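The structure's right below; bear with me while I get my questions together.
A note on names: the letters A, B, ... follow the listed sequences, proteins ahead of strands, and every chain is numbered from 1. It should be emphasised that the depicted structure is a prediction, and the values quoted were computed from it without experimental measurement.
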There are 2 protein chains.
Amino acid sequence: MITEQIKQSYTEEQLQAAQFAKALSHPVRIAILELLNNESCCLHGDMAEVLPVAKSTLSQHLNELKKVGLIQGNIHPPQVKYCINRKNFMLAKLLFNNILK
Amino acid sequence: MITEQIKQSYTEEQLQAAQFAKALSHPVRIAILELLNNESCCLHGDMAEVLPVAKSTLSQHLNELKKVGLIQGNIHPPQVKYCINRKNFMLAKLLFNNILK
DNA sequence: ATAGTATTTCGTATATTTACGAATAAATAA
DNA sequence: TTATTTATTCGTAAATATACGAAATACTAT
């Protein structure tokens with residue numbers, strides 16, 4: 001007789017929500033999103049002057065946000081202008097609101 | 001002449017939001033919150049049967065959620081019943097909605 | 001007291017995250 | 001071409017997260 005439960009894996013929504021949450025899980029990344037949301041777009045250099053991390057560290061954090069699609073970078077050589085990706089920004093909001101309802 | 005910018009630290013809200021986000025940054029913790037939200041309360045043992053992690057690992061994840069105040073555990077020896085902490089649940093929702101507006 | 005049940009803590013291994021400065025790349029300006 | 005500016009990647013160190021089984025805890029029932 002089989003009594004063991006089949007252990008569920010995770011739904012796509014759970015995985016996606018966790019991924020977005022991970023992107024928000026460091027205060028500097030929250031600060032980046034707030035800057036971009038207020039100023040609409042920002043140069044890497046301008047953010048580096050305000051945020052309390054080294055430029056190379058900032059690049060890493062920007063990359064985390066880019067990886068999950070919350071922001072995008074547009075190159076204006078030699079500068080890079082970052083903006084929020086509204087579509088995924090809204091998707092993240094929706095997923096969180098579904099979980100925290 | 002002083003030209004260096006004073007680098008800001010983080011606001012309490014940014015730190016708090018990042019902390020909640022970190023708590024949500026693993027799919028099993030998302031799954032736990034969904035279970036508790038649907039069933040109102042769950043025993044550790046019942047969750048351990050459904051979720052794809054060992055019991056000891058589940059305890060660790062429950063502890064992460066407890067630490068940031070998203071859930072609370074009530075002891076009914078020898079079992080432990082976990083419930084959502086509505087106050088902080090709503091606070092997390094509010095903080096995320098402020099960031100993702 | 002002893003045994004049984006449910007959960008947590010401990011010990012530990014591995015992977016990931018975070019941080020920084022140095023080096024590199026990529027474009028423009030001199 | 002060479003220098004300048006801006007941003008990213010590399011190398012690396014330290015901290016944190018994740019996972020599991022074994023052992024410990026804490027209570028109940030016999």
In whole angstrom, give the distance that lies between atom CD of Q79(A) and atom P of dA7(D).
->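 For the pair Q79(A) CD and dA7(D) P, the rounded distance is 5 Å.
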Contact letters for nucleotides 25-30 of chain D, in which S counts primed atoms plus P, OP1 and OP2 and B counts the base, heavy atoms under 4.0 Å | --S---
In whole angstrom, what separates N63(B)'s CG from dT18(D)'s P?
-> 13 Å
Pairs: protein N or O with nucleotides 17-19 of chain C N or O, under 3.5 Å:
unit_1, atom_1, unit_2, atom_2, d
dT17(C), OP1, K22(A), NZ, 2.9
dT18(C), OP2, R29(A), NH1, 3.0
dT18(C), OP2, R29(A), NH2, 3.4
dT18(C), O3', H26(A), NE2, 3.4
dA19(C), OP1, H26(A), NE2, 3.2
dA19(C), OP2, H61(A), NE2, 2.3
dA19(C), N7, Q60(A), NE2, 3.0

Take the protein atom CG of N74(A) and the nucleotide atom P of dT8(D), then report the distance between them rounded to whole Å.
-> 12 Å
Please report, rounded to the nearest Å, how far the C1' atom of dA27(C) is from the CG atom of L43(A).
->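 It works out to 15 Å between those atoms.
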Should L58(A) and I75(A) be regarded as members of a common hydrophobic cluster, given that ILVMFWY residues are connected when their side-chain heavy atoms come within less than 4.5 Å of each other, either directly or indirectly?
-> yes
Not counting sequence neighbours, which residues clear side-chain contact (heavy atoms from CB on, under 4.5 Å) with S59(A)? List them please.
->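 Only H44(A) meet the side-chain contact (heavy atoms from CB on, under 4.5 Å) criterion with S59(A).
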Which pairs with one or both residues in residues 58-101 of chain B pass disulfide (SG to SG under 2.5 Å), sequence neighbours excluded?
-> C41(B)-C83(B)
With sequence neighbours left out, what residues match K55(A) under salt bridge (Lys or Arg N to Asp or Glu O under 4.0 Å)?
->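 By the salt bridge (Lys or Arg N to Asp or Glu O under 4.0 Å) rule, K55(A) matches no residue at all.
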Round to a whole Å and report the spacing from CD1 of I32(B) to P of dT7(C).
-> 13 Å
Output yes when at least one side-chain N/O atom of Y82(B) is less than 4.0 Å from OP1 or OP2 of dT8(C), else no.
->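 Yes.
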Under the ring pair (Phe, Tyr, Trp, His ring centres under 6.0 Å) rule, what pairs show up with a residue in residues 78-101 of chain B, not counting sequence neighbours?
-> F96(A)-F96(B)
Whole Å only: how far is the CG atom of L58(B) from the P atom of dT9(C)?
->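 From L58(B) CG to dT9(C) P: 13 Å.
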Do you reckon L94(B) sits in the same ILVMFWY cluster as L65(B), going by side-chain contacts under 4.5 Å, direct or chained?
->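 No, L94(B) does not connect to L65(B) through the hydrophobic network.
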Using five pairs at either end of the helix from dA1(C)-dT30(D) to dA30(C)-dT1(D), determine the angle between the two local helix axes and round it to 10 degrees.
-> 10°
For residues 17-26 of chain B, please give each side-chain donor-acceptor pair under 3.5 Å, one per line with the distance, not counting sequence neighbours.
unit_1, atom_1, unit_2, atom_2, d
S25(B), OG, K22(B), O, 2.7
H26(B), ND1, V28(B), N, 3.0

Grab the NZ-P distance between K55(A) and dA22(C) for me, whole Å please.
->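 Going from NZ in K55(A) over to P in dA22(C) covers 14 Å.
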List for me each residue that meets side-chain contact (heavy atoms from CB on, under 4.5 Å) alongside P52(B), sequence neighbours excluded, and say none if there are none.
->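 side-chain contact (heavy atoms from CB on, under 4.5 Å) check on P52(B) returns K7(A), Y10(A).
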Can you run down the salt bridge (Lys or Arg N to Asp or Glu O under 4.0 Å) pairs that involve residues 59-73 of chain A, sequence neighbours left out, and say none if there aren't any?
->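 Salt bridge (Lys or Arg N to Asp or Glu O under 4.0 Å) check on residues 59-73 of chain A returns E64(A)-K67(A).
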Considering residues at least two apart in sequence or located in another chain, which fulfil the side-chain hydrogen bond (donor to acceptor under 3.5 Å, both in side chains) criterion with E34(B)?
->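 Testing E34(B) for side-chain hydrogen bond (donor to acceptor under 3.5 Å, both in side chains), a comparison that skips the adjacent residues, returns Q14(A).
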Would you kindly give the CD1-to-P distance between I30(B) and dT18(D), to the nearest whole Å?
->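 In whole Å, dT18(D) P lies 12 Å from I30(B) CD1.
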For residues 78-101 of chain A, which residue pairs qualify under salt bridge (Lys or Arg N to Asp or Glu O under 4.0 Å), counting only residues two or more places apart or in two chains?
-> none
